[in-house]
**Student:** 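Encoded as C-alpha cells, here's the structure I'll be asking about.
In this chain, residues are counted from 1 in sequence order. Computed over heavy atoms, backbone and side chain alike; hydrogens, waters and symmetry mates excluded.
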Amino acid sequence: GYIWCWLWYSKEIGTEGIPKKGELVDLPGDNEQIHLAITFATVIRLAQQLPDNSRTYCLFLDNLFINLNVCQALLALNIITMGTTRKNAVGIPHRLVQLKK
C-alpha cells in the first residue's frame, strides 16, 4: 500500500514543525548531530512518520532532497535511500564525480 503524509508550508511561516533555520538531526554512531537545511529536514521529518514495525524502507529521492547527510540520517531510522544526485552535493566521493566527467 501507499502511505500519504505531508507537512504544511506557507511562505510566511515556513514548513510545519521545522524551524526556519533548519534543525539538528542525530546520525548513527558516536552520538553525532548535524544541522540540516529546511529542505533536507523535511525529508527526515516525513520519514519519521513511517510506521515503525521493524521494516526496512527504501526512499527514492531526486537531487533536490538528497545528500550524504540525509542518507546517513535516514539510515539511522532504518531507511535506505536511492536516487539521483548532483555531482557537487555534499559527501559525493571524488571517484564518482570523475566517472560522471
**Student:** Can you find a pair of side-chain heavy atoms, one from N67 and one from F40, that are under 4.5 Å apart?
**Tutor:** yes

**Student:** Could you grab the distance from atom CG of L77 to atom CD of Q49, nearest 0.5 Å is fine?
**Tutor:** 11.5 Å

**Student:** Counting only heavy atoms not in L96, do more than 12 fall under 6.0 Å of its CG?
**Tutor:** yes

**Student:** Can you confirm whether L36 sits close enough to N69 that some side-chain heavy atom of one is under 4.5 Å from a side-chain heavy atom of the other?
**Tutor:**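 They are in contact (side-chain heavy atoms under 4.5 Å apart), so the answer is yes.
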
**Student:** To the nearest 0.5 Å, what is the distance between CG (L68) and CD1 (I92)?
**Tutor:** 7.0 Å

**Student:** Measure across K20 and E12 and return the closest heavy-atom pair with its distance rounded to 0.1 Å.
**Tutor:**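 So the minimum-distance heavy-atom pair works out to NZ-O, 2.6 Å.
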
**Student:** Between V43 and L50, is there a shared hydrophobic cluster once you connect ILVMFWY residues whose side-chain heavy atoms come closer than 4.5 Å?
**Tutor:** yes

**Student:** Between the side chains of E16 and R45, is the shortest nitrogen-to-carboxylate-oxygen separation below 4.0 Å, so that they form an ion pair?
**Tutor:** no

**Student:** Report yes if some heavy atom in the side chain of L7 is under 4.5 Å from a heavy atom in the side chain of I18; otherwise report no.
**Tutor:**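 Yes, side chains in contact.
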
**Student:** What distance do L59 atom CG and F65 atom CZ have between them, rounded to the nearest 0.5 Å?
**Tutor:** 12.0 Å

**Student:** Would you give the length of the straight line joining atom OG1 of T84 to atom CG of N63, rounded to the nearest 0.5 angstrom?
**Tutor:** 4.5 Å

**Student:** Could you state the interatomic distance from NZ (K87) to CD (Q98), rounded to the nearest 0.5 Å?
**Tutor:**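 These two atoms lie 9.5 Å from each other.
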
**Student:** Please check: side-chain N/O of Y57 versus main-chain N/O of P51, any donor-acceptor pairing under 3.5 Å?
**Tutor:** yes

**Student:** Hey, are the side chains of I34 and L24 touching, using non-hydrogen atoms and a 4.5 Å cut-off?
**Tutor:** no

**Student:** Can you find a heavy atom in the side chain of C58 that is under 4.5 Å from one in the side chain of F60?
**Tutor:** yes

**Student:** Would you mind telling me which of I80, L61, V25 makes a side chain to side chain contact (heavy atoms under 4.5 Å, CB included) with L74?
**Tutor:** L61

**Student:** Below 4.5 Å, heavy atoms only, C-beta onward: do K101 and V97 meet side chain to side chain?
**Tutor:** yes

**Student:** To the nearest 0.5 Å, what is the distance between CD1 on I38 and CD on E23?
**Tutor:** 9.5 Å

**Student:** Measure the shortest side-chain to side-chain distance between I66 and C71 over non-hydrogen atoms and say whether it is less than 4.5 angstrom.
**Tutor:**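 Yes. Closest side-chain heavy atoms under 4.5 Å.
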
**Student:** Please find the pair of heavy atoms, one from P19 and one from G17, that lie closest to each other, and give the distance.
**Tutor:** CD-O, 4.0 Å

**Student:** Does the side chain of L64 reach to within under 4.5 Å of the side chain of R86, using non-hydrogen atoms?
**Tutor:**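 Heavy-atom side-chain distance check passes, below 4.5 Å.
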
